[in-house]
Amino acid sequence: SGSSNQPPMSVAIFWRMQSKLLCTLAAALVAVGCGGSPAGTAGHSGTAAKLGQQGESITIHGEASAPVNEIAVKAIGDLQSYWAEEFPKLYGKDYKPVEGGFYSVAPSHDQPPPCTEDVSEVAGNAFYCSTEDVVAWDAEGLLPELQSKFGDFVIPIVFAHEWGHAVQGRSDFTARTVTKELQADCFAGGWAKHAQDSGVYKVNNGQLDEALAGILELRDSPGTSKIDPNAHGSGFDRVGAFQDGYDNGPTACKAYRDDNPVVIELPFNDAADQASGGDMPYDSVINGVPYDLEDYWSQVYPELTDGQKWVPVKGLEPFNPASPPLCGGKPTTGYSLFYCVPDDYIGWDNVDEMPTVYKQGGDFAVATLLATQYALAAMTRANDQSDEKVQSLRGDCFAGAYTASVVLGNRSATSSYRISPGDLDEAITALLVFRGSADAARQGSGFERTRYYRDGVINGAEACLKDS
């Protein structure tokens with residue numbers, strides 16, 4: 001709770017904008033190609049030996065002195081060592097290091113690396129080629145762009161994903177393309193946990209959140225089918241797979257099979273939905289979603305509280321930040337989205353911040369943030385005595401459970417609200433990006449928040465009541 005000059009909202013005020021990453025997810029998606037065997041074996045000029053993490057010599061074909069390649073060499077060295085230790089535990093045989101070569105490519109002037117016929121195939125790309133046992137990457141465009149948007153740690157994550165494909169080749173793993181991609185994301189998450197715990201990389205929560213945002217940007221276009229031969233997974237799927245590896249280690253990743261984990265690639269509802277990109281107008285979101293959230297809680301709250309009736313939230317206060325409302329008789333200046341406990345209303349900046357969320361995150365980013373505040377209202381009604389962070393994370397979980405209800409359409413008699421492709425990714429964006437840099441201590445990191453949201457989506461509202 002705040003000091004005496006703060007409005008008495010206690011756990012109720014949770015969200016401010018995080019400006020650093022605001023614009024990044026609105027950029028065009030980068031299509032990163034991964035494991036595969038493109039045709040051709042053209043040469044590539046220029047090599048340089050660099051020392052890896054363990055002092056071993058790593059030969060880079062290309063401009064090894066490029067800043068991103070300093071990071072690449074360190075990642076390559078540690079990934080080779082990591083898998084030399086982990087692979088025998090998983091598969092009962094020795095790990096064969098990647099030996100075909102590491103190719104840093106500047107598409108503007110370099111020759112094409114092995115497995116490609118034209119250097120343009122590498123532009124905006126990073127891949128592992130199984131036929132030549134080669135890893136190649138665009139060191140001129142892709143990696144510097146990702147680094148500038150999402151920080152240094154996103155580069156090792158890209159390489160860890162490609163090493164996941166190398167592991168698949170060595171373990172004879174066969175599955176749909178999307179399953180292979182998600183398993184590689186999972187392996188990358190397992191390595192990331194190792195890299196953080198071992199101190200190989202000094203990664204704080206904010207940097208891990210930035211790396212997750214990078215994964216989110218490398219998602220499929222909304223509407224992609226899970227059986228599409230080029231499917232890599234939605235942002236929701238990819239972030240979830242990475243978190244699975246981070247939380248549960250590579251053993252969990254080894255168990256991946258087609259449809260396990262479940263791939264949530266949603267189709268557009270109709271031609272109009274596709275034409276709009278799946279986004280309803282802003283006014284429709286802020287006017288319609290609260291009514292749907294009331295409908296949701298009127299049905300779910302009694303199930304969670306042994307039959308207690310849901311009491312509707314007293315009010316909604318979309319406000320101009322130049323004249324914010326009072327809460328408990330005290331000003332709410334500086335707050336963008338909140339649930340006011342004493343006056344039982346949900347307020348949001350309807351001029352600057354929330355319209356910006358809509359423009360840069362999409363309609364379901366707004367819906368998700370509103371859902372977190374309705375969850376706080378529900379916890380207040382249930383007299384939840386958890387601390388501020390636990391309530392915040394439970395609120396994210398309940399927002400996920402609400403999302404699941406919309407996906408399943410299990411309130412069809414009272415709700416016609418539908419979800420569109422990309423909406424789950426918009427929700428992840430909201431929790432990961434649209435917050436203040438100082439909010440992690442009170443709310444949890446973006447990594448934690450997306451984990452709890454996914455738990456609600458997959459396991460429903462009852463999962464949100466477990467001890468956090």
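In the displayed structure, Lys202 atom NZ is contacted under 6.0 Å by at most 12 heavy atoms of other residues, nucleotides or ligands.
By the 4.0 Å N-to-carboxylate-O rule, Asp259 lies close enough to Arg176 to be salt-bridged with it. The pair Asp133-Arg170 meets the salt-bridge criterion, since a charged nitrogen lies less than 4.0 angstrom from a carboxylate oxygen. At a threshold of 4.0 Å, the pair Lys149-Glu210 does not count as salt-bridged, since none of the basic side-chain nitrogens sits closer than that to a carboxylate oxygen. The pair Asp455-Arg451 does not count as a salt bridge, with every side-chain nitrogen at least 4.0 angstrom from each carboxylate oxygen. The pair Lys89-Glu85 meets the salt-bridge criterion, since a charged nitrogen lies less than 4.0 angstrom from a carboxylate oxygen.
Of all heavy-atom pairs between Pro113 and Phe127, the closest is CG-CZ, 4.4 Å. Shortest non-hydrogen contact noted between Ala139 and Val68 is O-CG2, 3.8 Å. Of all the heavy atoms in Ala175 and Lys180, the pair that sits closest is O-CE, 3.5 Å. The two atoms that bring Leu465 and Arg394 nearest to each other are O-NH2, 3.6 Å, heavy atoms only. When all heavy atoms of Pro321 and Val351 are compared, the closest pair comes out as CD-CB, 3.8 Å.
The side-chain heavy atoms of Val167 and Tyr128, taken from C-beta on, include no pair separated by under 4.5 Å. Under the 4.5 Å side-chain criterion, counting only non-hydrogen atoms from C-beta, Ile71 is in contact with Gln147. Looking at Phe150 and Leu212, their side chains never come closer than 4.5 Å, going by heavy atoms from C-beta outward. With contacts defined as side-chain heavy-atom distances shorter than 4.5 Å, the pair Leu337/Asp349 does not qualify. Side-chain atoms of Ile157 and Trp191, non-hydrogen and from C-beta on, do get closer than 4.5 Å to each other. At a threshold of 4.5 Å between non-hydrogen side-chain atoms, the residues Gln183 and Gln168 count as touching.
Applying the side chain to side chain contact (heavy atoms under 4.5 Å, CB included) test to Ser405 and every residue at least two apart in sequence or in another chain returns Tyr296, Asn410, Arg411. Checked against side chain to side chain contact (heavy atoms under 4.5 Å, CB included), Pro107 has the following partners two or more places apart in sequence or in another chain: Val105, Val119, Ala123, Asp138, Glu140. When the side-chain hydrogen bond (donor to acceptor under 3.5 Å, both in side chains) test is applied to Thr251, no partner is found at least two apart in sequence or on another chain. In terms of the side chain to side chain contact (heavy atoms under 4.5 Å, CB included) criterion, residue partners of Pro97 (sequence neighbours excluded) are, by chain and number, Gln80, Tyr95, Glu99. Applying the side chain to side chain contact (heavy atoms under 4.5 Å, CB included) rule to Ser171 yields the partners Phe87, Tyr91, Phe173; only residues at least two apart in sequence or on another chain are considered. Phe398 is linked by a ring pair (Phe, Tyr, Trp, His ring centres under 6.0 Å) to Trp297, counting only residues two or more places apart in sequence or in another chain.
Residues Ser415 and Asp295 bring no donor and acceptor atom of their side chains to less than 3.5 Å of each other. In summary, the side chains of Asp244 and Tyr256 do present a donor paired with an acceptor at a separation below 3.5 Å, with no hydrogens or angles considered. Using modelled atom types and a 3.5 Å distance limit, the side chains of Ser104 and Glu63 yield no donor-acceptor pair. Judged purely by distance below 3.5 Å, without hydrogens or angles, the side chains of Tyr402 and Asp292 pair a donor atom with an acceptor atom. A side-chain N or O of Glu181 and one of His161 form a donor-acceptor pair less than 3.5 Å apart. Side chains of Tyr282 and Asn350: a donor-acceptor N/O pair is present below 3.5 angstrom, by distance only.
Rounding to the nearest 0.5 angstrom, the gap separating the OG1 atom in Thr174 from the CZ atom in Arg257 is 8.0 Å.
Between Trp137 and Phe159, the ring planes are perpendicular. Angles over 60° get that label, and only those under 30° would be called parallel. Classified by interplanar angle (parallel below 30°, tilted 30° to 60°, perpendicular above 60°), the ring pair Phe364/Tyr417 is parallel.
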